[in-house]
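This report refers to the structure that appears directly beneath it.
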Amino acid sequence: MKKTVFFGAVTVAGLAAGLASAATLDDVKARGTLNCGVTTGLAGFAAPNAEGVWEGFDVDLCRAVAAAVLGDPMAVNFVPTTGQTRFTALASGEIDMLSRVTTWTYSRDTDLSFEFAGVNYYDGQGFMVPRALGVSSAKELDGATVCIQTGTTTELNLADFFRNNNISYEPVPVETNAEGQQQYLAGACDVYTTDASGLAATRGTFENPADHVVLPEIISKEPLGPVVRHGDNEWGDIVRWTLNALVAAEELGVTSENVAELAAAPTDNPEINRLLGTESELGAMMGLDADWAVRAISAAGNYGEMFETNIGESTPIGLARGLNAQWTEGGLQYSPPFR
């Protein structure tokens, strides 16, 4: 979901981050694996399949970084984290990056001493209720019990929304999405609130999804993205530009199916050539080889492929691109130039 709103925890995490090694790239190469923090389980974003292999939109970003750095998208150790534990895990060096539906906020960027490497999903907080409750708007929830994950920005957003609309609620704290889903289905709360994408992911796993309604109100801005520690600029650049490479690849028509062919020789498009390493030496500027982006794109596809495979309209999650469409299609996703 998002990030800690308790400033005592923020300060402790920030101090710990200052003690973390600034040589993450060297550590990852020496270890031979990328330690990537993910959720404890959110369908479509990060969850183990029946064979125990982690899959999802955020998982694929971890695999793309591992492919870029280590040449192997499977060389990832996935570390499940909760809203309460994710920042401690990153600050202490237990994980090298956080790819866990985490909201970019002022305090997390500054006081926590972390660095957001971009936005891989533009989201907003919403509400889900049983259809039988007969509610069509969040403004009708006066007196409702609300399941909410602790250690997330949803807590403050929820309090602000109810206060601004002069209505009351009773919070039912939960630590993980799985616990929230269980409590909601058991009737321990009238409402479940989290990012709208998380609501869609959770609803998609229900036996009878149609019995539950996501209300129309979106009450916040939740720019979700990967996080690294402050002070390790080289590693931050690698995570940032791996994400940018996946976004740029979609815009340029580079896919997991044609990337090898396009990288075999220079094309007529110099931007593609620079991205794929057939012109210039962009990889060397980050301590990587010329084919780093080729491997990242090959791992799970470009941004659009990752979206459609894991959370798109043809999946049980059923999310439309919306703000996450390319800028050429009216969305907010675009990469700075590769030059």
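Bear in mind the structure is a predicted one, so any value in this text is a computation, not a measurement. Computed from heavy atoms alone, side chains included, the values below leave out hydrogens, waters and symmetry copies.
The two residues Gly44 and Ile317 come nearest to each other via the heavy atoms CA-CG1, 4.2 Å. In terms of heavy-atom proximity, Ala293 sits nearest to Ala245 at CB-CB, 4.3 Å. The two atoms that bring Thr145 and Ala188 nearest to each other are OG1-O, 4.0 Å, heavy atoms only. Contact record, Ile297 with Ala249: CD1-CB, 3.7 Å, taken as the closest heavy-atom pair.
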- prompt: Step by step, would you call Glu257 with Thr255 a side chain to side chain donor-acceptor pair (under 3.5 Å)?
  reply: CA-CA 5 Å; Glu257 295 184 356; Thr255 70; 5.1 Å; no
message: Under the criterion side chain to side chain donor-acceptor pair (under 3.5 Å), I'd like the reasoning laid out for Thr153 against Glu222: C-alpha separation, chi angles, the key distance, then a yes or no.
response: CA-CA 9 Å; Thr153 56; Glu222 307 295 337; 3.3 Å; yes
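Contacts of Asn269 classified as side-chain hydrogen bond (donor to acceptor under 3.5 Å, both in side chains), with partners at least two apart in sequence or in another chain: none. Every residue meeting the side chain to side chain contact (heavy atoms under 4.5 Å, CB included) condition with Asp142, not counting sequence neighbours, appears here in chain and number order: Ile167, Ser168. Here Thr82 pairs with Thr40, Gln84, Thr85, Glu175, Thr176 under the side chain to side chain contact (heavy atoms under 4.5 Å, CB included) rule; sequence neighbours left out. Not a single ring pair (Phe, Tyr, Trp, His ring centres under 6.0 Å) links Tyr122 to another residue, sequence neighbours left out. Checked against side chain to side chain contact (heavy atoms under 4.5 Å, CB included), Ala47 has no partners two or more places apart in sequence or in another chain.
Asp96 CG to Leu98 CG: the interatomic distance, rounded to the nearest 0.5 Å, is 11.5 Å. Rounded to the nearest 0.5 angstrom, Asn324 CG and Ile311 CD1 are separated by 7.0 Å. Annotation: the span from Phe87 atom CZ to Ser113 atom OG amounts to 12.5 Å, rounded to 0.5 Å. To the nearest 0.5 Å, the span separating CG on Leu141 from CG on Asn165 amounts to 10.0 Å.
If you chain together hydrophobic residues whose side chains sit under 4.5 Å apart, Tyr169 and Val135 fall into the same group. Val119 and Leu332 fall within a single hydrophobic cluster, where Ile, Leu, Val, Met, Phe, Trp and Tyr side chains are chained together by heavy-atom contacts under 4.5 Å. Cluster annotation: Leu70 is connected to Trp292 through the hydrophobic network of ILVMFWY side chains, with a link wherever side-chain heavy atoms come within less than 4.5 Å.
Applying the ring-ring contact (aromatic ring centres under 6.0 Å, His included) test to residues at least two apart or on different chains, the pairs with a partner in residues 200-220 are Tyr184-His212, Phe206-His212. Within the structure, every pair that satisfies the ring-ring contact (aromatic ring centres under 6.0 Å, His included) test and touches residues 237-265, not counting sequence neighbours, is listed here: Trp241-Phe338. Here disulfide bond (SG atoms under 2.5 Å apart) pairs that include residues 238-310, with residues two or more places apart or in two chains, number zero. Residue pairs meeting the salt bridge (charged side-chain N to carboxylate O under 4.0 Å, His left out) criterion with at least one partner in residues 303-326, sequence neighbours excluded, are Glu250-Arg321.
Ion pairing between Arg240 and Asp237 holds under the 4.0 Å rule for side-chain N and carboxylate O.
Asn302 places a side-chain N or O within donor-acceptor distance of the main-chain N or O of Gly304, the cut-off being under 3.5 Å. No donor-acceptor pair closer than 3.5 Å links the side chain of Ser256 to the backbone N or O of Ser298. In this structure a side-chain-to-backbone donor-acceptor pair under 3.5 Å is present from Thr315 to Gly312. Between the Gln326 side chain and the Val247 main chain, a donor and an acceptor come within less than 3.5 Å of each other. Side chain of Arg31 to backbone of Thr33: a donor-acceptor contact under 3.5 angstrom is found. Using modelled atom types, no side-chain atom of Asn77 and backbone atom of Asn35 make a donor-acceptor pair closer than 3.5 Å. Looking only at distances, no side-chain donor or acceptor of Arg131 sits under 3.5 Å from a matching main-chain atom of Val213. Proximity of a side-chain donor or acceptor of Thr205 to a complementary backbone N or O of Thr202 within less than 3.5 Å is detected.
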Per-pair distances, 0.1 Å, donor-acceptor, side chain in residues 278-288, under 3.5 Å, sequence neighbours excluded:
| unit_1 | atom_1 | unit_2 | atom_2 | d |
| --- | --- | --- | --- | --- |
| Thr278 | OG1 | Asn273 | O | 3.3 |
| Glu279 | OE2 | Asn273 | ND2 | 2.8 |

Validation: residues 53-69 side-chain donor-acceptor distances under 3.5 Å, sequence neighbours left out:
| unit_1 | atom_1 | unit_2 | atom_2 | d |
| --- | --- | --- | --- | --- |
| Glu55 | OE2 | Asn49 | ND2 | 3.0 |
| Asp58 | OD1 | Asn120 | ND2 | 3.2 |
| Asp58 | OD2 | Val101 | N | 3.3 |
| Asp60 | OD2 | Asn310 | ND2 | 2.9 |
| Arg63 | NH1 | Pro73 | O | 3.1 |
| Arg63 | NH2 | Trp54 | O | 3.0 |

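For the side-chain hydrogen bond (donor to acceptor under 3.5 Å, both in side chains) test with Gln125, the passing option among Thr193, Thr154, Thr152 is Thr193; the others fail. Of the residues Val129, Asn177, Leu185, the one that meets the side-chain contact (heavy atoms from CB on, under 4.5 Å) test with Tyr192 is Asn177.
Judged purely by distance below 3.5 Å, without hydrogens or angles, the side chains of Glu155 and Thr150 never pair a donor atom with an acceptor atom.
Using a 4.5 Å cut-off between side-chain heavy atoms of Ile, Leu, Val, Met, Phe, Trp and Tyr, Trp327 falls into a hydrophobic cluster with Tyr334.
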